[in-house]
Amino acid sequence: QVQLVESGGGLVGPGGTLRLSCTYSGFGSTHFPMVWVRQAPGKGLEWVAGITNGGGSDGYSEAVRGRFSISRDNAKNTVRLRMNDLKPEDSAVYYCARPRTTDSALTGRNLEYLYRGQGTQVTVSS
């Protein structure tokens, strides 16, 4: 049974930092490209960042490039998202997901999810 469990969300002031984690299981010994996506109230899912199965390449949306950093530890079946200089517009539920293709993971184009977690709330407010 595939499971993706996110953690690390919370309330932080503008300019603050949060570190999200996603632990996945049920994929056996194989690792796949992974993404972080988010959904703000009243809006659709937005691709935030993606990383290849080995962690050698990553991609970011324009909205977060230079502030967020995605990484992974395959030995621990974990994908992380470090979020610096947070802004109120970053407030959303953040999900980790396994996309269908590596290209979509790195670019956000034609993104389809095979699996997605339950999400963790991030609120940026003073």
Side-chain angles (χ1 to χ4, degrees):
Q1 181 180 356
V2 173
Q3 281 192 313
L4 293 83
V5 180
E6 302 93 338
S7 62
L11 173 64
V12 64
T17 295
L18 280 176
R19 299 173 186 82
L20 306 184
S21 289
C22 168
T23 301
Y24 54 87
S25 61
F27 294 148
S29 60
T30 304
H31 298 283
F32 297 92
M34 297 290 287
V35 298
W36 285 96
V37 298
R38 66 187 181 186
Q39 188 167 28
K43 296 188 177 181
L45 283 169
E46 175 190 12
W47 171 75
V48 173
I51 191 166
T52 53
N53 59 335
S57 295
D58 54 27
Y60 301 90
S61 70
E62 288 288 341
V64 307
R65 187 174 294 125
R67 300 187 297 122
F68 290 14
S69 177
I70 189 171
S71 63
R72 69 188 301 160
D73 183 343
N74 284 348
K76 297 181 179 179
N77 286 0
T78 298
V79 179
R80 300 183 178 93
L81 186 68
R82 180 184 175 95
M83 306 185 294
N84 295 330
D85 189 23
L86 282 160
K87 304 175 181 181
E89 52 264 41
D90 293 318
S91 297
V93 178
Y94 283 71
Y95 302 90
C96 69
R98 177 189 153 185
R100 187 174 295 276
T101 68
T102 298
D103 180 74
S104 65
L106 298 181
T107 65
R109 291 192 300 259
N110 302 313
L111 190 56
E112 297 178 35
Y113 313 105
L114 294 175
Y115 303 98
R116 197 181 79 189
Q118 294 300 305
T120 185
Q121 176 71 49
V122 171
T123 302
V124 185
S125 175
S126 55

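- Screening residues 80-89 for salt bridge (Lys or Arg N to Asp or Glu O under 4.0 Å) gives no qualifying pairs among residues at least two apart or on separate chains.
- Using a 4.5 Å heavy-atom cutoff, the side chains of P99 and F32 are not in contact.
- At a threshold of 4.5 Å between non-hydrogen side-chain atoms, the residues R116 and L45 count as touching.
- Placement of Y113 and W36 in two distinct hydrophobic clusters is found when ILVMFWY residues are connected by side-chain heavy-atom separations under 4.5 Å, directly or transitively.
- For the pair Y95/L4, no side-chain contact is recorded, criterion being any heavy-atom separation below 4.5 Å from C-beta on.
- Using modelled atom types, one side-chain atom of N74 and one backbone atom of N53 make a donor-acceptor pair closer than 3.5 Å.
- Within the 4.5 Å cutoff, side-chain heavy atoms of D103 are placed close to those of R109.
- Between W47 and S104, the shortest heavy-atom contact is NE1-O, 4.2 Å.
- Clustering ILVMFWY residues whenever any of their side-chain heavy atoms sit less than 4.5 angstrom apart, transitively, puts F27 in the very cluster that holds V79.
- Taking the side chain as every heavy atom from C-beta outward, V2 and L114 never approach each other to under 4.5 Å.
- For Y24 and Y115, the ring centers sit 6.0 Å or farther from each other.
- The nearest pair of heavy atoms linking T23 to K76 is CG2-O, 4.3 Å.
- With contacts defined as side-chain heavy-atom distances shorter than 4.5 Å, the pair V64/R38 qualifies.
- Checking side-chain atoms of T120 against main-chain N and O of E6 turns up no donor-acceptor pair under 3.5 Å.
- The CG atom of L11 sits 8.5 Å away from atom OG of S91, with the distance rounded to the nearest 0.5 Å.
- No continuous path of ILVMFWY side-chain contacts below 4.5 Å connects V35 to I51, so the two sit in separate hydrophobic clusters.
- Note: E112 CD to T101 OG1 = 8.0 Å, rounded to the nearest 0.5 Å.
- With hydrogens and angles disregarded, no donor-acceptor distance shorter than 3.5 Å links the side chain of Q3 to the backbone of S25.
- What you find for L106 and G50 is that their closest heavy atoms are CD2-O, 3.8 Å.
- Separating the SG atom in C96 from the CD1 atom in I70 is a distance of 9.0 Å, to the nearest 0.5 Å.
- Inter-residue side-chain proximity for D90 and R67 is flagged as met; some heavy-atom pair is nearer than 4.5 Å.
- Ring-plane geometry between Y94 and F68 is classed as tilted, the angle between the planes lying from 30 to 60 degrees on a 0 to 90 degree scale.
- Linking Ile, Leu, Val, Met, Phe, Trp and Tyr whenever their side-chain heavy atoms come within less than 4.5 Å leaves L111 and L81 in two separate clusters.
- To the nearest 0.5 Å, atom CE of residue M34 and atom CG of residue N77 are 9.5 Å apart.
- Counting only N and O atoms by type, the side chains of N84 and T17 include a donor and acceptor under 3.5 Å apart.
- Across every non-hydrogen atom of S69 and Y60, the tightest pair is CA-OH, 3.4 Å.
- By the neighbour-count criterion of 12 heavy atoms within 6.0 Å, atom CD of Q39 is densely surrounded, having more than that number from other residues, nucleotides or ligands.
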